[in-house]
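Protein chains get the first letters and strands the later ones, always in sequence-line order, with residue 1 at the start of each. Computed from a predicted structure; not experimentally measured.
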Amino acid sequence: MLHALSLGGALYALWLLLSGYLETWLLVLGLSSVALTIVIANRMDVIDHEGHPIHLSWRAALFWPWLGWEIAKANIDVARVILSPSMPIDPQVLKIKGSQKTELGHVIYANSITLTPGTVTIALESGHMEVHALTTQAANDLLSGEMDRRVDTLEKNSDGTVEGVK
Amino acid sequence: MFIVATIAILITMAMALARALLGPSVFDRILATNSFGTLTMLLISVYGFLSGRPEFLDIALLYTLINFIGIIAVTKFVNFGNASHSVREDEQGDI
Amino acid sequence: MELVTDILSWGLLLGGSGFLLTGGIGLLRLPDLFSRMHGSGIIDTLGAVMILTGLMVQEGFSLISVKLALMVLFLMFTSPTTTHALARSALNEGLLPKIFNKRQGKKSSKT
């Protein structure tokens, strides 16, 4: 119920931002389309802690700036490799294991790896990932485990429990 | 300054198009198409600012989302020969 | 004040253009599909984000910059998903990553 309400709120805010009109008739139209969307999403059974992870909101606000900085650094590294005339690439496939407890945590970790240029997750099966790395440096950055730890903290509540563990 | 960004986007689009034509595998072409979609989105937004009418942004926003759905559909189509196949037999229509 | 925002947004637009061109060169130059994904990753992340942020700075705080921010948000969620879907379907079709370094190649025994 809480997830449905917060999804409805987010969708309605999106509607208002995209339309920019504040006439009664349009507001009612927006409300009805949001209601229809919620009903359909409920039938599809996607409104839960995975489809709409509100329990992560606060910690995600801390995680994203760090991820953005990592992405910027990795971009510069990969750009330097691509632009250098000899192109010193060393493609390799790493097998790593995410230490997160839930599938949501694994997906966040895999997507963060892919968002960072230089490393792409090519296979993900119950926490075991195969990562294609362009350079040895990118591979070493990943193997240092910093991102794994950050996603782990993102997933954990302040009392150390994880929401949605079966 | 917008004109510089527009030109850079157009050159990059030409590169993506060259990769789409060169191939060699169908996945290279899909990857190039994906980049081309992102670049189109950027071109629409920058061109809106260049011409002083940033109303095109709604189209660019839609383009981002449709590009995403299109690429997912094409990869599934290449894999299974139709776009509604589910990966596991016990699930229905999941991405 | 206008000068500061202009310089900032021009810097972002120029930097973004540079990263876009780098990604395009990578798309052409890199040797196999899985390496090219990194080139496309540059276009999708820093190139696009810097250009959109540059436009946001130019526009100031309005409904238009909110739409630009939404585009950044959607791009950040959709781009890794498409890349992963593409990599997975390429693996399904039997396309394997090229490994040049034999020492590291041991790690990819299964693929």
* **Winner by heavy-atom pair count (cut-off under 4.5 Å) against chain B, out of C:Asn92, C:Thr78, C:Thr22** => C:Thr78
* Asked: Passes side-chain contact (heavy atoms from CB on, under 4.5 Å), B:Met15 versus C:Leu27? Steps please.
  -> CA-CA 7 Å; B:Met15 290 175 184; C:Leu27 217 51; 5.8 Å; no
* CG-CZ distance between B:Leu31 and C:Phe34, expressed to the nearest 0.5 angstrom -> 10.5 Å
* **Reported CG-to-CZ distance for the pair B:Leu62 and C:Phe74, which is rounded to 0.5 angstrom** => 9.5 Å
* Asked: Non-hydrogen atoms of chain C under 4.5 Å away: do they reach the side chain of B:Phe27, the backbone, both or neither?
  -> both
* **From B:Thr38 atom OG1 to C:Ile43 atom CD1, the distance as rounded to the nearest 0.5 Å** => 7.5 Å
* Candidate pair B:Ile9 and C:Leu20, rule side-chain contact (heavy atoms from CB on, under 4.5 Å), full reasoning -> CA-CA 7 Å; B:Ile9 292 170; C:Leu20 285 184; 3.5 Å; yes
* **Under 4.5 Å from a heavy atom of chain C, the part of B:Leu39 involved** => side chain
* Measure distances from C:Leu55 to the heavy atoms of chain B and classify the residue's part below 4.5 Å as side chain, backbone, both or neither. => both
* Contact leader toward chain C among B:Asp58, B:Leu22, B:Val4, where contacts are heavy-atom pairs under 4.5 Å -> B:Asp58
* **Top contributor to chain C contacts, counting heavy-atom pairs under 4.5 Å, from B:Ile11, B:Leu57, B:Thr6** => B:Leu57
* Rounded to the nearest 0.5 Å, what separation is found between the OG atom of C:Ser89 and the CD1 atom of B:Ile72? -> 9.5 Å
* Structure fact -> The interface call for B:Val46 against chain C, heavy-atom contacts under 4.5 Å, is both
* **Portion of B:Leu42 that has a non-hydrogen atom of chain C nearer than 4.5 angstrom** => side chain
* Top contributor to chain B interface from C:Glu59, C:Gln58, C:Met37, C:Arg36 [non-hydrogen pairs under 4.5 Å] -> C:Arg36
* What distance do B:Leu61 atom CG and C:Lys67 atom NZ have between them, rounded to the nearest 0.5 Å? -> 8.0 Å
* To do: For C:Ile64 and B:Phe49, run side-chain contact (heavy atoms from CB on, under 4.5 Å): C-alpha distance rounded to whole Å, both residues' side-chain angles, the deciding distance at 0.1 Å, then the answer.
  => CA-CA 11 Å; C:Ile64 287 170; B:Phe49 276 79; 4.1 Å; yes
* **Residue pair B:Arg19 / C:Leu28: nearest heavy atoms and the distance that separates them** => NH2-O, 2.8 Å
* Please report the closest heavy-atom contact between C:Leu21 and B:Ala8, naming both atoms and the distance. => CD2-O, 3.8 Å
* Out of C:Leu52, C:Leu70, C:Thr83, which one racks up the most heavy-atom pairs below 4.5 Å with chain B? -> C:Leu52
* C:Ile25 versus chain B, heavy atoms under 4.5 Å apart: side chain, backbone, both or neither? -> both
* **B:Ile69, part contacting chain C, at a heavy-atom distance under 4.5 Å** => neither
* **Rounded distance (nearest 0.5 Å) linking atom CZ of C:Arg88 with atom NZ of B:Lys76** => 9.5 Å
* To do: Give the member of C:Gly16, C:Ala87, C:Ser40 that has the highest number of heavy-atom pairs under 4.5 Å with chain B.
  => C:Ser40
* Structure fact -> For C:Met71 and B:Thr64 the tightest heavy-atom approach is CG-OG1, 4.2 Å
* Evaluation steps, side-chain contact (heavy atoms from CB on, under 4.5 Å), between B:Met41 and C:Leu75 -> CA-CA 10 Å; B:Met41 180 269 270; C:Leu75 203 62; 3.9 Å; yes
* **Region of B:Ser25 that comes under 4.5 Å of a non-hydrogen atom in chain C** => side chain
* Structure fact -> Highest number of heavy-atom pairs under 4.5 Å with chain B among C:Ser9, C:Gly24, C:Gly18 belongs to C:Gly24
* Out of C:Thr82, C:Leu33, C:Leu86, which one pairs with B:Ile30 under the side chain to side chain contact (heavy atoms under 4.5 Å, CB included) rule? -> C:Leu86
